[in-house]
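Here is the structure we will look at, set down as structure tokens.
Here is how names work: the chains are called A, B, and so on, in the same order as the sequence lines, proteins then strands, and each is numbered from 1. Worth saying up front: this structure is predicted, and the values here are computed from it rather than measured.
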Protein chains: 2
Amino acid sequence: MRFPKLFERLAALAPLPPEEWEKAEAVAREQALDKRELFLRPGDPADRFAVVLQGVFRAVRVSARGQESIKAFRAEGELIGAYAEMLQHLPSMTTIEALAPSRVLVFQTRDFQALESGHVCWERLARRVAEHHFILKERREQEFLDLSAEERLVKFWDEHPHLKGRVPQRDVAAYLGITEVALSRIMSRRRKRPE
Amino acid sequence: MRFPKLFERLAALAPLPPEEWEKAEAVAREQALDKRELFLRPGDPADRFAVVLQGVFRAVRVSARGQESIKAFRAEGELIGAYAEMLQHLPSMTTIEALAPSRVLVFQTRDFQALESGHVCWERLARRVAEHHFILKERREQEFLDLSAEERLVKFWDEHPHLKGRVPQRDVAAYLGITEVALSRIMSRRRKRPE
DNA sequence: CCGCCGCCTTAACCTGGGTCAACCCGAGGG
DNA sequence: CCCTCGGGTTGACCCAGGTTAAGGCGGCGG
């Protein structure tokens with residue numbers, strides 16, 4: 001077993017026999033990425049995903065108008081991939097970019113489907129992952145519905161303290177749905193007013 | 001089989017043997033709701049969900065500040081329930097209210113777990129449902145990130161034509177994340193300007 | 001028939017955030 | 001040492017949407 005820590009993490013989500021994990025490791029491939037390097041770009045087939053072993057990533061979507069917004073940041077132990085597109089068998093509309101030198105463990109969805117038909121544990125794990133992602137998105141939806149940009153910012157740092165210093169400000173702005181200018185203003189406002 | 005149409009719908013998502021469906025129908029209970037009646041209110045245990053047989057519902061969340069925002073509308077063939085809370089074994093924070101006289105088919109999650117341990121098809125179906133919900137939420141996230149309120153409105157009616165005339169305007173506003181006043185203004189703006 | 005109620009609209013005013021543009025500052029590279 | 005460059009800040013100006021408050025209007029009960 002090359003990645004016992006990762007195994008623990010997954011097994012906590014759903015029962016996962018060690019021998020099944022061994023099979024998964026057998027089809028996985030380690031990949032190193034430089035800062036700025038892309039794990040996935042728009043138009044690529046969404047036929048693989050990965051677990052972050054080290055580093056940080058941002059999942060970006062550029063709109064028709066050319067402005068880029070950030071769907072998520074992903075750090076150690078989290079999944080990267082164009083999940084929605086994968087489920088719909090569409091080419092990726094997402095760019096996934098390393099914000100720092102990183103290492104990931106890559107799986108082909110094809111290989112994963114093979115694992116799934118071998119043992120039900122994978123089905124259950126896939127379900128858990130889907131459910132977890134749903135919960136995260138719903139939480140975010142809630143934030144857009146009833147929080148101001150400033151409140152979203154505060155909440156963001158509350159919930160992602162481990163990203164401090166690892167993601168540029170402009171990307172935080174693009175995650176919050178505002179411009180970097182607005183974010184800068186909010187921060188200076190906070191610096192002065194509510195001590 | 002009391003609800004063959006519903007069976008078709010579900011079976012389209014994931015393979016579902018008719019005899020399993022029969023078992024599900026056996027534990028389901030039909031419920032009628034008047035306009036304004038609540039299927040679920042905040043604080044209720046999130047231990048049941050339902051399929052809409054007839055009518056429309058709105059899933060509301062009231063924020064700490066007391067303003068209510070709408071997570072989703074649900075019409076015939078769709079699921080109602082506090083899904084996120086159910087997954088997290090939390091009491092409901094959502095109100096689910098009939099916008100018209102409605103009929104639903106209610107399941108207890110407890111009964112459903114029994115079905116799941118009886119046959120893997122339910123596991124697969126649950127996964128599909130989770131994935132589907134995820135896709136919807138991600139799409140909505142995208143809309144908040146790079147569409148204006150006006151564009152969100154247009155998209156809303158594009159994607160939900162069957163809700164026309166069935167949901168009050170103020171609720172559409174609360175779904176879009178704006179006030180009813182703003183929505184009214186947007187509509188009159190559109191009436192004049194871009195013919 | 002009147003009056004009320006629920007729902008929508010309109011207007012006046014305020015504010016947060018967008019846009020554009022100038023500027024600052026620290027890290028390299030020549 | 002200076003230049004450049006990437007990333008953050010600031011200011012001026014504008015506009016979408018929030019807030020408050022005043023109608024409009026159709027439906028329904030009395």
Side-chain angles (χ1 to χ4, degrees), chain A residues 34-38 56 58 60 62-70 73 97-101 143-157 163-194, chain B residues 34-38 56 58 60 62-70 73 97-101 143-157 163-194:
Chain A
D34 294 330
K35 181 171 177 170
R36 299 264 162 124
E37 202 175 336
L38 305 183
V56 212
R58 57 175 197 158
V60 184
V62 292
S63 75
R65 282 206 241 17
Q67 60 168 330
E68 56 180 41
S69 55
I70 294 202
F73 297 104
E97 180 186 345
L99 291 175
E143 291 171 16
F144 279 113
L145 282 170
D146 49 43
L147 263 45
S148 68
E150 176 159 358
E151 292 168 313
R152 295 207 296 280
L153 173 65
V154 172
K155 201 158 185 221
F156 176 79
W157 286 124
L163 293 178
K164 242 162 205 158
R166 305 180 76 187
V167 302
Q169 213 137 285
R170 66 145 57 87
D171 287 338
V172 177
Y175 179 85
L176 298 176
I178 60 178
T179 60
E180 56 175 335
V181 180
L183 177 55
S184 178
R185 270 192 302 235
I186 290 172
M187 287 176 52
S188 78
R189 208 187 303 157
R190 289 177 64 74
R191 240 174 280 133
K192 296 170 205 159
R193 263 203 262 162
Chain B
D34 294 331
K35 180 170 176 169
R36 298 265 161 122
E37 201 175 338
L38 304 183
V56 212
R58 58 174 197 160
V60 185
V62 293
S63 74
R65 283 207 240 15
Q67 59 169 330
E68 57 181 40
S69 55
I70 294 204
F73 298 105
E97 180 185 345
L99 291 174
E143 291 170 15
F144 280 113
L145 281 171
D146 49 44
L147 263 46
S148 70
E150 177 159 357
E151 293 168 313
R152 295 206 297 280
L153 174 64
V154 173
K155 201 161 185 218
F156 176 79
W157 287 123
L163 292 178
K164 240 161 207 161
R166 306 179 75 187
V167 301
Q169 213 137 285
R170 65 145 58 86
D171 286 338
V172 177
Y175 178 85
L176 298 175
I178 59 179
T179 61
E180 54 174 339
V181 181
L183 177 54
S184 178
R185 266 193 305 235
I186 289 172
M187 287 177 50
S188 77
R189 209 187 302 158
R190 290 178 62 75
R191 241 174 281 132
K192 296 170 205 157
R193 265 201 260 162

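No side-chain heavy atom of B:Ile70 sits less than 4.5 Å from a side-chain heavy atom of B:Val167. In this structure, the side chains of B:Val172 and B:Leu153 come closer than 4.5 Å at one or more pairs of heavy atoms. Considering only heavy atoms from C-beta on, A:Leu99 stays 4.5 Å or farther from A:Arg166 through its side chain. Contact of the B:Tyr175 side chain with the A:Leu145 side chain is not registered, since no non-hydrogen atoms from C-beta on lie closer than 4.5 Å. Between A:Arg152 and A:Phe144 there is a side-chain heavy-atom pair separated by less than 4.5 Å.
The side chain of A:Pro168 lies closest to D:dG8 when the candidates are D:dG8, C:dG17, D:dG11. The nucleotide whose nearest atom lies closest to any side-chain atom of A:Ala149 is, among C:dT10, D:dG17, C:dG17, C:dG17. Side-chain proximity of B:Ile178 to the nucleotides C:dT19, D:dG8, D:dG18 is greatest for D:dG18. Checking C:dC8, D:dT19, C:dT10 against the side-chain heavy atoms of B:Thr179 singles out D:dT19 as nearest. Distances were taken from every side-chain heavy atom of B:Gln169 (C-beta onward) to each of D:dG8, D:dG7, C:dT9; the shortest belongs to C:dT9. Closest approach to the A:Ser148 side chain among C:dG17, D:dG17, D:dG8 is made by C:dG17 (side chain taken as heavy atoms from C-beta onward). The listed nucleotides are D:dG17, C:dG17, C:dT10; the one nearest the side chain of B:Arg189 is D:dG17.
The distance between atom CG of A:Leu183 and atom P of C:dG17, rounded to the nearest whole Å, is 10 Å. Protein atom CZ of A:Arg190 is 15 Å distant from nucleotide atom P of D:dT10, rounded to whole Å. Across the protein-nucleic acid pair, B:Lys35 atom NZ and D:dC28 atom C1' stand 13 Å apart, rounded to whole Å. Atom-to-atom, CD of B:Glu150 to P of D:dC15 comes out at 15 Å; the value is rounded to the nearest Å. A straight line from CG of B:Leu147 to C1' of D:dA16 spans 15 Å, rounded to a whole angstrom. Distance B:Glu151 CD to D:dA16 C1': 12 Å, rounded to the nearest Å. Counting to the nearest Å, the P atom of C:dC20 and the CD atom of A:Gln67 are 12 Å from each other. Residue B:Ile186 contributes atom CD1, which lies 12 Å from atom P of C:dT9 at whole-angstrom precision.
Among the protein residues, B:Arg36 comes within range of the sugar-phosphate backbone only, with heavy atoms under 4.0 Å from sugar or phosphate atoms but none that close to a base.
OP1 and OP2 of C:dG6 both lie 4.0 Å or more from every side-chain N or O belonging to B:Arg170. For A:Arg191, a side-chain nitrogen or oxygen approaches OP1 or OP2 of D:dT9 to under 4.0 Å.
One can find a donor-acceptor pair under 3.5 Å joining the base of D:dG18 and the side-chain atoms of B:Arg185.
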